[in-house]
Amino acid sequence: MPKGTVAIDQERCKGCGLCIAFCPEDVLAYSAEYNRSGYNVVYMKEPERCIGCAFCAQTCPDIAIEVYRERKPRQR
Amino acid sequence: MSVNADKMVRVFERPRSLTDAQFSYCPGCHHGLVTRIVAQTIDELGIQDRTVIVAPVGCAVTMYEWFRCDGIQAAHGRACAVATGIKRVNPNLIVFTYQGDGDLAAIGTAESIHAANRGENITVVFINNQIYGMTGGQMAPTTLVGQRTTSCPDGRNAQLAGYPIRFAEMIAQLDAPVYVTRQALYDQKRIMAASRAIKKAFQCQVEGKGYSLVEVLTNCPTNWRMSPAQSNSHLMDEVVRAFPLGDLVDRD
């Protein structure tokens with residue numbers, strides 16, 4: 001499995017939870033934080049499990065998530 | 001959060017044809033998804049400099065502020081008529097309308113049907129969330145029988161208010177449309193299929209083939225009184241039974 005990571009824009013996140021529901025590896029969860037708009041934002045609870053599949057980003061209605069995946073050796 | 005650029009490659013980012021403005025949609029609304037998919041399509045086809053948005057009246061009314069494209073906001077329901085004018089004056093432009101069910105299937109029924117019947121070379125993105133979202137959740141022509149809204153609190157009564165309009169099927173009866181399809185966004189597979197459908201609809205216009213309509217079944221968590229995850233389940237279990245998914249016309 002490739003390794004991945006996501007960058008969540010905390011101010012764009014509206015805390016709808018669709019990314020949490022779509023993540024196949026249960027990486028994401030609600031944090032204890034609230035953003036300036038008062039939304040309970042999402043964070044990477046288990047970052048080591050992320051495979052960079054981008055399901056979370058593709059379902060995020062506010063494009064708050066950017067996804068990164070580890071380069072394959074030949075891409076280096 | 002910092003990402004090591006030497007080791008990691010970015011696989012998903014914000015489409016270039018969108019501005020930095022935050023969408024005004026409610027949390028979990030599929031409108032944002034469709035807007036993102038349209039923007040991604042514009043990026044992929046490289047048509048940002050010649051795309052014109054015709055924004056509707058409804059939740060997407062300020063759509064032109066989110067795209068780095070030209071845009072105009074049409075009178076309620078008249079988006080297809082406005083798009084016709086723009087496209088006929090300058091056929092080199094890529095013109096699309098983005099309309100909800102109140103805009104396209106209620107007040108704009110005449111304009112929408114006749115634009116399709118004339119086979120105008122435009123792309124229509126039809127957001128069907130079975131409710132009037134922006135005005136507070138009233139019954140729309142597409143509201144399911146039995147569905148509760150603020151103007152039918154006991155559920156839609158077919159004896160009184162008729163049955164949900166299947167707009168894509170109506171358009172599919174006509175001879176002119178090139179591509180008519182109905183899509184949904186309740187799971188990953190459907191999101192990918194909807195992305196391909198929207199790209200194909202734009203491609204039809206770029207190639208000068210004619211009218212295309214993509215009806216997207218979306219949610220309205222706020223007015224359905226559901227969580228976004230529940231609204232996805234409702235779409236999958238209930239809504240697709242009234243509105244079957246798939247391509248209805250493909251003369252591409």
Side-chain angles (χ1 to χ4, degrees), chain A residues 2-25 27-31 33-45 47 50-76, chain B residues 1-40 59-60 66 127 185-195 218-222 226-233 235-236:
Chain A
K3 251 256 348 100
T5 191
V6 298
I8 300 169
D9 186 333
Q10 306 266 302
E11 289 307 319
R12 281 193 193 279
C13 177
K14 290 179 184 165
C16 72
L18 283 178
C19 53
I20 300 174
F22 270 55
C23 178
E25 297 290 324
V27 171
L28 303 168
Y30 284 115
S31 70
E33 308 282 314
Y34 291 80
N35 66 14
R36 269 184 294 180
S37 310
Y39 292 120
N40 186 191
V41 296
V42 169
Y43 81 121
M44 283 182 96
K45 191 183 177 194
C50 180
I51 56 172
C53 67
F55 281 18
C56 53
Q58 274 160 359
T59 192
C60 177
D62 289 283
I63 325 178
I65 305 177
E66 280 191 347
V67 185
Y68 299 83
R69 201 179 296 158
E70 207 167 58
R71 284 177 199 272
K72 289 177 192 151
R74 64 171 184 277
Q75 281 181 310
R76 252 176 227 180
Chain B
M1 173 174 184
S2 64
V3 174
N4 187 339
D6 292 337
K7 279 191 176 164
M8 306 295 262
V9 56
R10 187 154 54 189
V11 291
F12 187 97
E13 62 184 325
R14 191 177 180 82
R16 290 185 305 279
S17 52
L18 285 178
T19 64
D20 288 334
Q22 170 88 304
F23 296 151
S24 58
Y25 305 131
C26 303
C29 177
H30 286 176
H31 256 298
L33 276 178
V34 185
T35 307
R36 191 264 300 166
I37 292 171
V38 169
Q40 224 159 28
C59 296
W66 306 326
I127 309 300
L185 301 165
Y186 54 73
D187 65 22
Q188 182 61 24
K189 196 177 142 199
R190 289 286 165 206
I191 291 173
M192 300 309 281
S195 305
T218 62
N219 62 355
C220 184
T222 302
M226 290 179 190
S227 74
Q230 283 171 336
S231 73
N232 271 354
S233 307
L235 274 166
M236 188 161 62

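Chain naming here is simple, since letters A, B, ... match the order of the sequence lines and numbering starts at 1 in each. Just so it is clear, the structure is predicted and the values come from calculations on it, not from any experiment.
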Can you say whether [X] sits under 4.5 Å from chain B via the side chain, the backbone, both, or neither, judging by heavy atoms?
X	result
E11(A)	backbone
F22(A)	side chain
C60(A)	backbone
I20(A)	neither

Measure [X] against the heavy atoms of chain A and call it side chain, backbone, both or neither at under 4.5 Å.
X	answer
P15(B)	side chain
N219(B)	neither
A39(B)	neither
T218(B)	neither
L18(B)	side chain

Do the side chains of [Y] and [X] get nearer than 4.5 Å, heavy atoms only?
X	Y	answer
K14(A)	Q22(B)	yes
E70(A)	M8(B)	yes
L185(B)	Q58(A)	no
V6(A)	F12(B)	no

Show the nearest heavy-atom pair for residues P228(B) and C16(A), with the distance to one decimal.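 The answer is CG-O, 3.5 Å.
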
Return the option, out of S227(B), C26(B), P27(B), G32(B), with the maximum number of heavy-atom pairs under 4.5 Å with chain A.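 Ranked by contacts with chain A, first place is P27(B).
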
Do you know which of R36(B), Q40(B), H31(B), M192(B) has the most heavy-atom pairs with chain A at a distance under 4.5 angstrom?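 Heavy-atom pair counts peak at R36(B).
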
Mark yes when over 12 heavy atoms from residues, nucleotides or ligands other than Y34(A) sit less than 6.0 Å from its OH; otherwise mark no.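 No.
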
Distance, nearest 0.5 Å, that separates CD of Q188(B) from SG of C56(A):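 Going from CD on Q188(B) over to SG on C56(A), the span is 9.5 Å.
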
Starting at CG of N232(B), measure out to CG of L18(A) and round the result to the nearest 0.5 Å.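 The CG atom of N232(B) sits 5.5 Å away from the CG atom of L18(A).
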
